[in-house]
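To start, the structure itself, in structure tokens.
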Amino acid sequence: MTVEKKSKEEQLAKFSENHENEKLTTNQGVRVSHTDDSLKAGERGPTLMEDFHFREKLTHFDHERIPERVVHARGFGAHGYFEVYEPMSEYTMAKFLQDPSVKTPVFVRFSTVVGSRGSGDLARDVRGFATKFYTEDGNYDLVGNNIPIFFIQDAIKFPDLVHSIKPEPRSEVPQAAAAHDTFWDFVSSTPETSHMVMWVLSDRGIPRSFRHMEGFGVNTFRFVNARGQARFVKFHWKPKLGVHSLVWDEAQKLNGKDPDFHRRDLWDAIERGDYPEYEFGVQMIEEEDEFNYDFDILDPTKFWPEEQVPVKIIGRMVLNRNVDNFFAETEQVAFHPGHVVPGIDFSNDPLLQGRLFSYLDTQLTRLGGPNFAEIPINRPLAPVHNNQRDGFHRMTIDRGQVAYFPNYLQANTPQPDTEHGYTHYQEKVEGRKVRERSEKFKDHFSQATLFWNSMSELEKKRIISAFHFEVGNVTDKNVRKRVVESFNNVDGELAKQIAMGIGVEPPDKPGGSGVKGSSPAVSMETTVFDARTRKVAVLADNGFASSELNQVVESLKEAGVVTEVVSKNQGMLRSADGHELEAIKNHSTTGSIKYDAVYIPGGRENVDNLMQQGYVIHFINEAFKHCKPIAASNEAVELFEVSQISSLTGQESQDPEVSDNLGVVTIQNAQDMSSFSEKFIKAIAGHRHWKRMDRVAKVSA
Ligand code: HDE
């Protein structure tokens with residue numbers, strides 16, 4: 001503790017040394033003598049117009065806000081780098097995908113879609129996953145989501161979709177939520193949304209963190225190699241820590257207790273040096289195989305099952321630097337799927353085609369004119385030369401007489417680069433002008449059923465609960481009925497189960513699309529399980545057993561797990577043998593919802609103290625309800641007996657096999673904590689112990 005304090009003081013000393021001569025000035029560079037009182041005619045008199053410092057300061061402040069993004073308003077960004085594993089020249093000429101020794105700088109912005117800029121992080125929603133690669137050939141933006149498909153097939157329906165899911169126009173209620181009449185009215189009237197709705201209502205809609213999310217380019221793009229050969233591609237980000245989610249009850253509570261939970265998690269992980277890492281993968285389909293699938297490969301409501309089209313892992317991205325200034329970087333960054341580099345091209349996916357118009361258009365309003373590419377976060381590292389001039393907020397001082405091409409006065413510069421310049425893939429296009437879709441686009445249910453079939457029984461249960469929450473909040477009974485009818489096309493049992501929870505009769509005729517197969521890769525149960533960077537609350541009070549606690553905390557640390565001591569009051573605790581330990585959080589500044597697991601050390605006095613604290617029992621019950629690993633050593637096991645754990649696990653909790661399986665780890669009459677720590681770490685890596693789901697339905701925490 002003292003070490004930290006000292007280094008902070010040193011930092012401050014260094015700061016004042018470096019900034020000694022920096023005096024407060026106006027924006028014109030005039031030094032300001034006083035900034036706490038406005039200029040007045042007498043101490044109690046009116047403020048004077050001539051107070052230029054006051055007017056400048058207030059005017060700037062009055063204009064500090066810019067329009068928020070119409071979707072994806074709430075976001076959080078970080079810097080990092082990307083490196084390719086091996087040259088990809090066979091498939092693409094994209095320079096940043098050739099040389100494994102090159103680290104391409106990136107900026108990533110994660111976001112929710114529906115809520116306003118100040119809304120909570122924990123909404124059930126799709127998450128944006130947008131990456132800007134600052135390549136030597138110019139900027140490439142991969143503007144993706146954490147779900148591989150989308151609600152609609154054609155961009156012309158985007159305003160309808162977004163109007164239906166945003167707060168209702170009469171009341172501006174609800175904020176950042178799909179659980180209301182207009183969204184479900186749109187869903188039940190638009191069968192193409194069914195598949196995406198299944199994904200959003202699965203655990204994918206409430207990620208544990210940005211570090212535990214996959215990313216997908218969603219739309220179909222093309223790779224083009226130097227010989228001009230093209231292939232269809234889909235892009236993937238796979239998190240090294242696996243794909244994991246929160247529990248809905250936990251997400252709702254977190255939105256109140258810590259609405260910045262995802263932001264804070266990413267920020268803290270990067271500050272700690274636990275740099276999030278994602279592998280980059282591509283699925284490729286040869287041009288001649290375009291029609292060889294039972295779905296249309298240009299349809300953005302369909303994914304390419306990994307079992308049919310494997311994901312080739314070609315590189316990795318590491319996020320290793322937080323922003324210096326949220327507004328300047330995260331808010332002002334402007335992504336656009338049309339920012340591509342030679343080697344990456346588009347497909348005729350009608351959603352992508354519409355997006356190619358929309359992003360540039362929206363930046364004009366949001367960033368106040370056409371010069372947003374000059375804002376530092378948007379500036380390419382590659383040099384920019386062209387004849388574009390003027391406009392709001394032009395930063396560049398364009399020199400010379402000439403701002404046109406061709407020209408004689410400036411030797412025809414800047415010149416198009418016929419050899420290395422971007423050339424669009426020469427896809428042959430012909431057809432009549434029609435407002436129609438290809439026949440294969442019209443199958444809206446097969447992949448929704450495939451997704452449903454791919455879920456484990458417990459994942460299915462959670463999807464049904466999500467339907468009960470979302471559609472249960474719809475006030476119009478006819479809309480609720482229409483939802484049930486619509487999802488009866490996906491699966492009869494699903495529709496029946498939805499109906500049961502929301503006061504609607506189950507459908508008369510059995511449903512389903514007839515699809516029998518599954519795609520195991522889409523289940524989150526097949527993901528990576530890793531304890532690293534998970535956060536554990538250590539509940540302690542005076543009189544804790546220090547050797548026990550130290551052994552466990554040390555083992556957790558070695559396994560890359562982060563611990564935080566929580567006690568009734570912040571400050572120093574004293575162990576039974578006189579050692580000191582600082583409690584970082586007190587009972588009102590935190591809660592079980594902020595942690596992945598709980599550990600309670602023994603020590604007679606410690607446990608007697610904890611036993612008196614209702615908060616501690618609530619903490620344990622709530623963590624149990626949220627299926628989190630819970631561990632207690634020696635006397636602390638007594639706390640489980642007064643919590644709901646013992647009544648819910650009953651006799652079985654005495655059987656170590658069963659209790660380990662349920663993520664409840666205990667040890668009694670022991671000095672050596674190594675096997676206990678090992679089991680606990682394994683339980684933490686297991687994320688949530690869903691097998692408790694049925695039992696926890698009885699818990700009221
Ligand atoms: Fe976006 N989307 N989008 N979108 N989108 C925007 O651009 C749009 C879609 C995505 O962190 C807007 O700068 C249309 C799919 C992300 O800054 C806007 C359609 C996917 C972000 C826009 C879609 C995305 C946006 C709002 C349907 C996954 C946040 C502000 C045709 C592949 C980027 C802005 C950031 C943002 C339009 C559908 C991803 C209005 C018209 C599909 C991650 O231009």
Side-chain angles (χ1 to χ4, degrees), residues 66-79 106-117 121 125-132 139 141-166 190 192-193 195-196 199-200 204 207 210 213-221 233-237 262-263 266 298-303 323 326-340 346-368 372-373 375 377-378 437:
I66 60 170
E68 66 174 31
R69 288 163 172 80
V70 56
V71 282
H72 297 264
R74 180 162 180 88
F76 203 63
H79 295 269
V106 297
F107 183 75
V108 174
R109 183 175 179 274
F110 300 106
S111 48
T112 54
V113 177
V114 181
S116 297
R117 198 181 139 186
D121 280 348
D125 199 353
V126 188
R127 297 299 187 285
F129 190 140
T131 309
K132 192 178 279 296
N139 285 356
D141 291 354
L142 177 51
V143 197
N145 279 345
N146 75 328
I147 290 179
I149 53 163
F150 202 61
F151 293 99
I152 46 169
Q153 296 174 321
D154 190 311
I156 200 166
K157 294 181 85 153
F158 195 58
D160 298 302
L161 164 74
V162 174
H163 288 172
S164 82
I165 201 170
K166 281 272 183 182
T190 315
E192 72 204 61
T193 58
H195 186 197
M196 179 72 168
W199 283 77
V200 179
R204 307 249 177 183
F210 299 135
M213 278 178 1
E214 274 178 295
F216 302 92
V218 178
N219 298 118
T220 300
F221 288 85
V233 289
K234 278 203 192 279
F235 297 116
H236 295 247
W237 290 115
H262 282 162
R263 292 184 165 192
L266 184 64
L298 300 186
D299 176 354
T301 64
K302 310 291 188 310
F303 65 97
V323 296
F326 179 89
F327 180 83
E329 300 173 79
T330 311
E331 195 57 16
Q332 293 200 115
V333 66
F335 292 98
H336 177 16
H339 292 160
V340 288
F346 313 115
S347 77
N348 293 329
D349 169 345
L351 198 73
L352 173 61
Q353 292 285 320
R355 292 180 76 202
L356 294 177
F357 160 74
S358 187
Y359 289 69
L360 177 57
D361 184 38
T362 207
Q363 310 307 355
L364 298 178
T365 310
R366 197 169 69 78
L367 298 168
F372 59 85
I375 297 172
I377 192 70
N378 294 323
R437 295 183 202 183

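Just follow the structure's listing: the first ligand is 1, and inside any ligand the first atom is 1.
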Discussion item. If the condition is side-chain hydrogen bond (donor to acceptor under 3.5 Å, both in side chains), which residues does Asp121 pass it with, not counting sequence neighbours?
Written reply: Arg74

Worksheet entry | Distance in Å, Lys302 NZ paired with Met196 CE, rounded so as to fall on 0.5 Å steps | 13.5 Å

Worksheet entry | Shortest protein contact, atom 40 (C) of ligand 1 (heavy atom only) | Val70 CG1, 3.5 Å

Practice prompt. Would you mind checking which non-hydrogen protein atom is closest to atom 43 (C) of ligand 1, with the distance to 0.1 Å?
Written response: Gly144 O, 3.1 Å

Go through ligand 1 atom by atom and flag the ones less than 4.0 Å from a non-hydrogen atom of [X].
{"X": "Val218", "value": "28 (C), 32 (C)"}
{"X": "Arg109", "value": "11 (O), 17 (O), 35 (C)"}
{"X": "Ala155", "value": "31 (C)"}
{"X": "Phe335", "value": "11 (O), 17 (O), 33 (C), 35 (C)"}

Fill in: Distance criterion under 2.8 Å: protein N/O/S atoms around atom 1 (Fe) of ligand 1
1

Worksheet item: Any idea which part of Thr362 is under 4.0 Å from ligand 1, heavy-atom wise: side chain, backbone, both or neither?
Response: side chain

Worksheet entry | Heavy-atom gap Gly217 to ligand 1 smaller than 4.0 Å | yes

Discussion item. Any nitrogen or oxygen of Arg69 lying under 3.5 Å from a nitrogen or oxygen in ligand 1? Just yes or no.
Written reply: yes

Practice prompt. Examine Gln363 against ligand 1 and note whether any of their N/O atoms are separated by less than 3.5 Å.
Written response: yes

